[in-house]
There are 2 protein chains.
Amino acid sequence: MSARVKDEKTRPPVSREAVVAAALRQFAERGYRVTTMADIGAALGVRGPSLYKHVTSKQELLADIVFTTMRTLIAAQHRAVEAGGPAAVRLRRAVEAHVRYHATHREQAFVGNRELDSLTEPTRSQILDLRRTYEHGIRAVIEDGCASGEFPATDARLVSFAILDMGMGVATWFRAEGEHDIDSLAYSYADMALRMVGLDTRGRES
Amino acid sequence: MSARVKDEKTRPPVSREAVVAAALRQFAERGYRVTTMADIGAALGVRGPSLYKHVTSKQELLADIVFTTMRTLIAAQHRAVEAGGPAAVRLRRAVEAHVRYHATHREQAFVGNRELDSLTEPTRSQILDLRRTYEHGIRAVIEDGCASGEFPATDARLVSFAILDMGMGVATWFRAEGEHDIDSLAYSYADMALRMVGLDTRGRES
DNA sequence: CCTACCGATCGGTAGG
DNA sequence: CCTACCGATCGGTAGG
């Protein structure tokens, strides 16, 4: 009945990464503001104040999580797009990367979206900038496809929002134990995205 | 420099609806937990404790907002679907209603999504039930279209999630002053939804 | 509708 | 990594 969740003798050493991981889990399941430093410590078998040996503030924990999330998403999108090829191929790869991240890093994506307003300045503005960069990345592919005539004319901004939003939604309902495996999920979402820009995916394309 | 925002003499009478409206605005812009009863009162020109003449708790304010939101959405979906007709027509009307609500009631939709975990039981479970009902409503239309052969075979559950998620996203970025008017926005989203179930919207359908 | 206030919570620091 | 604790916040009640 101690406040410690784990026995001192068997407790693994506390590291910054362990603190961030415990914070992530609790921020995702119960929210940033409701989670206390004591809660995070308890998950690691220590008291709240002990965490300050590894991090400087609770806010820093949240900032770490959302920065890592956005940098990872942007890097994945960059890899998806850089190889070039037809716009349809680049769009498929970018959407698959987007969906794959939101399915495999549900907690990060969820926290990054829901706790945006829990960030203090200037972190919040920096994150919003990264999100804009990310949105512009997928929009550019759509605009390419429109400009080359590959995609029927569409409102690239609207479609990019719709594609990103539906992919972000995956983080809210996807469960690894569920009926969908991640590969077919990513493929299906990319299919939907290609249809949204006007392509018939039952035919020849990628 | 008083804590009151409005002068006592010109302040309109405080009503329950006024309290809910003020709470909605602040829950949307700053979050449920950060908003204090004193904040809500200040927006109406009164002190925090005075609000308890009109509401019984802060939690009740949130519950009022999310229940109204879900009931309104479900009623709008019901109206969109009840007239019958081809599945493509029903799907278009349901998506248009969905998008229209999220564009015109941004704050309600935003709070209803972000603050789900700020609800205490049993309210939270009741709201989750209403959300399931809503999702099943649009999924049923898609399944109808698949069963009748009107839509090419698609995973109805997946597509219904994607369509609802992209519509909910509208609440996060839409601004009435922006470049899109609500009618064309709703139309475009319904177009995308029809494409997602495999229809070619450049042709004959609705 | 007000002031005064209770009770509880929590991030972070002091000082081992 | 701990206990003790400070300072501040806030929902809700008492009693006008």
Side-chain angles (χ1 to χ4, degrees), chain A residues 1-24 26-27 29-65 115 117-121 123, chain B residues 1-24 26-27 29-65 115 117-121 123:
Chain A
M1 277 306 169
S2 146
R4 286 181 184 81
V5 162
K6 303 178 180 183
D7 185 276
E8 284 180 25
K9 305 214 165 173
T10 64
R11 168 176 63 70
V14 174
S15 63
R16 180 186 171 85
E17 301 78 59
V19 176
V20 173
L24 170 61
Q26 304 207 37
F27 290 170
E29 294 197 353
R30 314 180 338 130
Y32 174 76
R33 298 204 130 83
V34 177
T35 301
T36 69
M37 292 303 272
D39 291 334
I40 298 168
L44 300 169
V46 300
R47 305 290 182 184
S50 305
L51 301 177
Y52 290 90
K53 271 290 168 189
H54 304 98
V55 298
T56 70
S57 70
K58 186 183 171 189
Q59 174 71 204
E60 184 210 29
L61 279 171
L62 180 59
D64 184 314
I65 291 164
E115 305 293 357
D117 290 335
S118 300
L119 291 167
T120 56
E121 293 297 346
T123 308
Chain B
M1 278 309 167
S2 144
R4 287 181 183 81
V5 162
K6 303 177 180 181
D7 185 274
E8 283 180 25
K9 305 215 166 171
T10 64
R11 170 175 62 71
V14 174
S15 63
R16 181 188 170 85
E17 302 78 60
V19 176
V20 173
L24 170 61
Q26 303 205 38
F27 291 170
E29 296 197 350
R30 313 179 339 130
Y32 175 75
R33 298 206 130 81
V34 177
T35 300
T36 69
M37 294 301 273
D39 291 335
I40 298 168
L44 300 169
V46 301
R47 305 289 182 184
S50 304
L51 301 177
Y52 290 89
K53 270 290 168 188
H54 304 98
V55 299
T56 70
S57 69
K58 186 183 170 189
Q59 175 71 205
E60 184 209 28
L61 279 170
L62 180 58
D64 184 313
I65 290 166
E115 305 292 357
D117 291 333
S118 300
L119 290 168
T120 56
E121 292 297 346
T123 309

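Just so we're on the same page: letters track the sequence lines, and every chain starts at 1.
- The salt bridge (charged side-chain N to carboxylate O under 4.0 Å, His left out) search around A:D39 returns A:R30, not counting sequence neighbours.
- Sorted by first and then second residue, the pairs that involve residues 49-63 of chain A and meet salt bridge (charged side-chain N to carboxylate O under 4.0 Å, His left out), not counting sequence neighbours, are A:R16-A:E60.
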Point to revise | Pair A:L51-A:L61, side-chain contact (heavy atoms from CB on, under 4.5 Å): steps then yes or no | key: CA-CA 11 Å; A:L51 301 177; A:L61 279 171; 5.7 Å; no
Shorter than 3.5 Å, N or O on both sides, protein versus nucleotides 10-13 of chain D: list them out with atom names.
from	atom 1	to	atom 2	distance (Å)
D:dG11	OP1	B:T35	O	3.3
D:dG11	OP1	B:K58	NZ	2.9
D:dG11	OP2	B:M37	N	3.0
D:dG12	OP2	B:Y52	OH	2.6
D:dG12	OP2	B:K58	N	2.9
D:dG12	O5'	B:Y52	OH	3.4

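- Residue pairs meeting the ring pair (Phe, Tyr, Trp, His ring centres under 6.0 Å) criterion with at least one member in residues 31-52 of chain B, sequence neighbours excluded: B:F27-B:Y32.
- By the side chain to side chain donor-acceptor pair (under 3.5 Å) test, B:T56 pairs with no residue at all, sequence neighbours left out.
- The side chain to side chain donor-acceptor pair (under 3.5 Å) test applied to A:S118 returns A:R33, A:E115, not counting sequence neighbours.
- The 5' end of DNA chain C is approached more closely, in terms of each residue's nearest nucleotide, by B:H54 than by the other of B:H54 and A:K53.
- Here the C1' atom of nucleotide D:dC1 and the CZ atom of A:R47 are 10 Å apart, to the nearest Å.
- For DNA chain C, runs of at least 3 consecutive pairs of the Watson-Crick or G-U wobble type, with both hydrogen-bonding distances under 3.5 angstrom, map to C:1-16 with D:1-16.
- Remark: B:E17 pairs with B:S15 by the side chain to side chain contact (heavy atoms under 4.5 Å, CB included) rule, at least two apart or across chains.
- Every residue was checked against the side chain to side chain donor-acceptor pair (under 3.5 Å) condition with B:S57, not counting sequence neighbours, and none meets it.
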